[in-house]
Trainee: 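Attaching a single structure in structure tokens format; questions to follow.
Reminder, nothing fancy here: chain letters follow the sequence lines and each chain counts from 1. In what follows, every heavy atom counts, from backbone to side chain, and hydrogens, waters and symmetry copies are set aside.
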Amino acid sequence: DAGITQSPRHKVTETGTPVTLRCHQTENHRYMYWYRQDPGHGLRLIHYSYGVKDTDKGEVSDGYSVSRSKTEDFLLTLESATSSQTSVYFCAISESSGSGTDTQYFGPGTRLTVL
Amino acid sequence: AQSVTQPDIHITVSEGASLELRCNYSYGATPYLFWYVQSPGQGLQLLLKYFSGDTLVQGIKGFEAEFKRSQSSFNLRKPSVHWSDAAEYFCAVGQGAQKLVFGQGTRLTINP
């Protein structure tokens with residue numbers, strides 16, 4: 001299994017509070033991603049990073065920000081959580097070798113409930 | 001824009017029966033195609049992928065998939081399912097492994 005951990009694994013918070021989710025990898029992969037998973041929507045990309053301090057928006061980035069100060073850590077922040085952000089959040093990593101071996105590997109997920 | 005369609009939201013098959021899960025994609029270039037499986041409460045595990053070469057791809061757990069460019073499809077198959085195959089299956093498309101677009105998923109139920 002790819003060395004990806006997510007913390008916390010479960011969190012319950014209240015509307016309007018800030019929340020930060022952490023993704024940590026031990027694979028030294030260049031790319032890191034945050035997805036959210038909701039019933040009927042599959043996985044949707046929130047933000048991704050292609051290197052330290054290099055990030056870009058995904059399909060559903062509104063209300064989320066990210067930071068990557070080290071290769072191994074990618075943080076997802078909800079500045080002011082809303083009930084619509086109740087979801088399961090997955091971190092993923094990948095490399096870009098161009099050899100055809102590239103694959104995204106996923107962490108175990110964080111279940112976030114916003115009351 | 002790239003997109004993935006998994007037409008079947010939920011499929012039920014009997015243990016020992018054959019399985020085919022459908023995946024259709026829209027992509028402007030030669031795609032990388034992936035199938036992932038997710039057991040309840042777990043993350044996603046890669047079953048197999050296609051990026052070039054032989055259009056019939058073998059994966060883990062006895063799964064295979066066939067890339068058909070003319071039909072823009074990448075259907076997943078297994079000749080005989082086991083109760084442990086009950087899970088949700090996701091098809092994804094991308095350029096390399098970056099910025100994948102996922103289908104909505106197909107939930108597989110196995111009848112004993």
Trainee: May I ask you to test the A/Val88-A/Arg36 pair for a side-chain heavy-atom distance under 4.5 Å?
Mentor: no
Trainee: May I ask you to say whether B/Glu64 pairs ionically with B/Lys78, meaning some side-chain N is under 4.0 Å from a carboxylate O?
Mentor: no
Trainee: Checking side-chain hydrogen bond (donor to acceptor under 3.5 Å, both in side chains) against A/Ser87, which of A/Thr110, A/Thr113, A/Asp38 comes through?
Mentor: A/Asp38
Trainee: Let me confirm one number: the CG-CD distance from B/Asn75 to B/Gln6, rounded to the nearest 0.5 Å.
Mentor: 10.0 Å
Trainee: Between A/Tyr35 and chain B, with a heavy-atom cut-off of 4.5 Å, which part of the residue counts as in contact: side chain, backbone, both or neither?
Mentor: side chain
Trainee: Tell me, side chain or backbone of A/Glu59 under 4.5 Å from chain B's heavy atoms, or both, or neither?
Mentor: neither
Trainee: Would you confirm whether the ring centroid of A/Phe90 sits within less than 6.0 angstrom of the ring centroid of A/Tyr33?
Mentor: no
Trainee: Between A/Leu76 and A/Cys23, is there a side-chain heavy-atom distance shorter than 4.5 Å?
Mentor: no
Trainee: Output the distance between atom CD (B/Gln45) and atom OH (A/Tyr105), rounded to the nearest 0.5 Å.
Mentor: 11.0 Å
Trainee: Could you tell me which portion of B/Tyr50 (side chain, backbone, both or neither) has an atom closer than 4.5 angstrom to a non-hydrogen atom of chain A?
Mentor: neither
Trainee: Which atom names give the shortest non-hydrogen contact between A/Thr15 and A/Thr82, and what distance separates them?
Mentor: CG2-CA, 4.5 Å
Trainee: Using non-hydrogen atoms only, which part of B/Leu44 is less than 4.5 Å away from chain A: side chain, backbone, both, or neither?
Mentor: both
Trainee: Is there a side-chain contact between B/Tyr89 and B/Phe63 in this structure, where contact means two heavy atoms from C-beta onward sitting under 4.5 Å apart?
Mentor: yes
Trainee: Applying side-chain hydrogen bond (donor to acceptor under 3.5 Å, both in side chains) between B/Arg22 and each of B/Thr106, B/Asp8, B/Thr5, report the one that passes.
Mentor: B/Asp8
Trainee: Tell me, out of B/Gly43, B/Gly41, B/Gly53, B/Gly105, who's got the most heavy-atom pairs with chain A below 4.5 Å.
Mentor: B/Gly43
Trainee: Among residues 80-88 of chain B, which residues come closer than 4.5 Å to chain A, judged by heavy atom distances?
Mentor: none
Trainee: Looking only at heavy atoms, which of residues 62-71 of chain A get nearer than 4.5 Å to chain B?
Mentor: none
Trainee: Quick one: does B/Tyr32's side chain get under 4.5 Å of B/Val93's, heavy atoms only?
Mentor: no
Trainee: Looking at NE2 of A/His29 and CD of A/Glu72, how far apart are the two atoms once the value is rounded to the nearest 0.5 Å?
Mentor: 13.5 Å
